[in-house]
There are 2 protein chains.
Amino acid sequence: MNKLSTLTERQREILRFIYNEIKNSQLPPSLREIASHFGFASVGSVQDHLKALVQKGFIKISEKKSRAIEIIKENIFSIPIIGTVQAGLPTLAVENIDEYLNLDDLIFSNMDVFGLRVKGDSMINAGIMPLDLVIVRQQSVAEAGEIVVALQGEEATVKYLKKTNGQYFLEPANPKYHSIPLTSEFSIIGIVLTVIRKLGK
Amino acid sequence: MNKLSTLTERQREILRFIYNEIKNSQLPPSLREIASHFGFASVGSVQDHLKALVQKGFIKISEKKSRAIEIIKENIFSIPIIGTVQAGLPTLAVENIDEYLNLDDLIFSNMDVFGLRVKGDSMINAGIMPLDLVIVRQQSVAEAGEIVVALQGEEATVKYLKKTNGQYFLEPANPKYHSIPLTSEFSIIGIVLTVIRKLGK
DNA sequence: AATAATACTATACAGATGTACGGTATGTCA
DNA sequence: TGACATACCGTACATCTGTATAGTATTATT
């Protein structure tokens with residue numbers, strides 16, 4: 001597996017610059033633009049670095065096309081997830097990787113998606129804490145059992161959608177709060193796809 | 001606002017092609033690549049269409065830069081995080097975006113980071129549920145209060161690190177379980193940076 | 001009927017760009 | 001020591017690319 005740590009400091013800087021250019025201006029840089037950014041007097045320097053990045057499996061370059069630097073996402077935008085922990089840590093065994101977290105899918109997704117910062121503790125027993133970030137897919141219909149984002153006036157709440165005797169309820173995951181019948185003053189604006197919580201550092 | 005309906009059939013085709021190229025290959029097409037795709041024998045045709053698209057406000061072109069076609073619209077490369085929800089949804093107001101979800105800081109950092117699938121419910125009151133994915137920074141030391149990943153044999157557990165009377169404990173966030181003194185049979189392999197839970201879809 | 005916008009072809013050119021080759025210097029590793 | 005990777009400079013060149021200009025034909029618009 002290609003690890004970012006196999007790159008030199010300089011190579012990582014170049015890769016980061018390319019990534020940022022693509023992300024910010026949606027346009028990969030030309031060789032001379034890279035040279036200019038790093039103060040190189042020669043394009044040959046850039047050629048060397050790109051050659052190394054290609055060889056180490058982090059980028060792909062189409063021949064005879066300008067700016068055709070493609071970042072190989074699988075090698076960069078993923079974090080190895082280990083299924084069983086071995087005693088051999090901190091040397092991560094490649095064989096233990098059983099899936100990859102691809103954050104890029106989320107970022108580059110074409111779904112109508114937005115993030116919402118959670119207020120309050122009404123979903124605490126579902127593992128959704130105050131200040132958590134929930135990624136929401138915009139949709140006006142939902143099924144019972146799903147965690148939905150409902151709008152009442154300008155107030156957005158995250159709740160379970162529940163159905164009892166044909167009646168829909170917004171149900172909190174906290175005994176402190178009560179279920180609320182889903183009346184016309186509410187509108188469902190999406191369902192929760194992902195919960196993200198950033199801790200230390 | 002600029003409506004897509006002000007475009008002609010052909011102009012809409014061109015715009016869609018440009019959009020798809022950027023989205024799929026992360027590389028805007030050159031004029032001749034556009035011409036080739038539509039079977040134009042001349043670049044002048046493309047020039048005309050791009051000129052119209054610029055004039056109607058759908059794209060922006062940087063002069064003297066190859067492939068520098070930028071689509072003016074929502075930024076497809078990031079997820080807007082809305083602080084307060086307006087009644088106007090599902091049309092996301094740009095003014096409400098107060099921050100962007102940025103996961104690449106984590107990825108591009110020099111830290112040695114891996115993911116771990118959580119087993120068991122011992123941290124359920126800290127909002128860490130079974131099958132959650134925790135992103136862990138590898139390090140052998142931690143401070144009291146941090147959520148750590150400890151290794152006992154080949155078993156990895158996620159717990160709070162607590163200090164009482166100079167003695168360290170691994171403390172679960174679930175009254176069902178007890179605190180465990182941090183003895184030599186345990187080794188701390190990292191601290192939890194992020195908690196991620198994928199739900200629906 | 002006149003004008004403008006649309007939709008193309010054709011050609012020319014400066015400069016932007018990728019590519020190739022060679023060179024220097026430094027540090028790393030066996 | 002020698003081989004090798006890294007990290008730069010310098011130069012040359014074919015071609016890719018944007019830009020400009022000119023022309024033809026069709027369709028809308030006034």
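Fair warning: this is a prediction, and the values are worked out from it, not measured in the lab. So that the names make sense, note that chain A is the first sequence line, chain B the second, and so on, each numbered from 1.
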Inset, instruction - Check whether any side-chain nitrogen or oxygen of A/Lys51 sits under 4.0 Å from OP1 or OP2 of C/dG18, and answer yes or no. - result: no
Legend entry - Nearest-Å distance for atom pair CD1/P, residues A/Ile61 and D/dC16: 17 Å
Inset, instruction - Would you please classify the geometry between the B/Phe17 ring and the B/His37 ring as parallel, tilted or perpendicular, with 30° and 60° separating the classes? - result: parallel
Inset, instruction - Please state whether the phosphate of D/dA5, meaning OP1 or OP2, lies under 4.0 angstrom from any side-chain nitrogen or oxygen of A/Thr8. - result: no
Inset, instruction - Report the distance from atom CG of B/Leu31 to atom P of D/dA20, rounded to the nearest whole Å. - result: 12 Å
Inset, instruction - Establish, with yes or no, whether the OP1 or OP2 oxygen of C/dA7 is under 4.0 angstrom from a side-chain nitrogen or oxygen of B/Gln11. - result: yes
Legend entry - Between C1' of D/dC8 and CD1 of A/Ile14, the distance in whole Å: 11 Å
Restricting to nitrogen or oxygen on both sides, can you table the protein-nucleotides 9-16 of chain C pairs closer than 3.5 Å?
| unit_1 | atom_1 | unit_2 | atom_2 | d |
| --- | --- | --- | --- | --- |
| C/dT9 | OP1 | B/Ala41 | N | 3.1 |
| C/dT9 | OP2 | B/Ala41 | N | 2.9 |
| C/dT9 | OP2 | B/Ser42 | N | 3.3 |
| C/dT9 | OP2 | B/Ser45 | OG | 3.2 |
| C/dA10 | N7 | B/Ser42 | OG | 2.7 |

Legend entry - Donor-acceptor contact below 3.5 Å, side chain B/Arg67 vs main chain A/Leu27: no
Inset, instruction - For the pair B/Glu13 and B/Arg10, find out whether any cationic side-chain nitrogen is under 4.0 Å from an anionic carboxylate oxygen. - result: yes
Legend entry - Value in whole Å for how far the C1' atom of D/dT19 lies from CD1 of B/Ile69: 14 Å
Legend entry - Rounded distance (Å) that lies between atom P of C/dG18 and atom NE2 of A/His49: 17 Å
Inset, instruction - Mind checking salt bridge (Lys or Arg N to Asp or Glu O under 4.0 Å) for A/Glu70 and listing every partner two or more places apart, or none if nothing turns up? - result: none
Inset, instruction - Please answer whether the main-chain N or O of A/Leu7 pairs with a side-chain N or O of A/Arg12 as donor and acceptor at a distance below 3.5 Å. - result: yes
Inset, instruction - Report yes or no: does A/Ser36 contribute a side-chain atom to a donor-acceptor pair with the main-chain N or O of A/Arg32 at less than 3.5 Å? - result: no
Legend entry - Spacing between B/Glu9 atom CD and C/dC8 atom C1', to the nearest angstrom: 17 Å
Legend entry - Rounded interatomic separation in angstrom, taking CG from A/Leu7 and C1' from D/dA7: 15 Å
Inset, instruction - Nearest whole angstrom, please: distance from the C1' of D/dC16 to the CD of B/Glu33. - result: 10 Å
Legend entry - Euclidean distance, B/Asn174 CG relative to B/Lys159 NZ, rounded to 0.5 Å: 9.5 Å
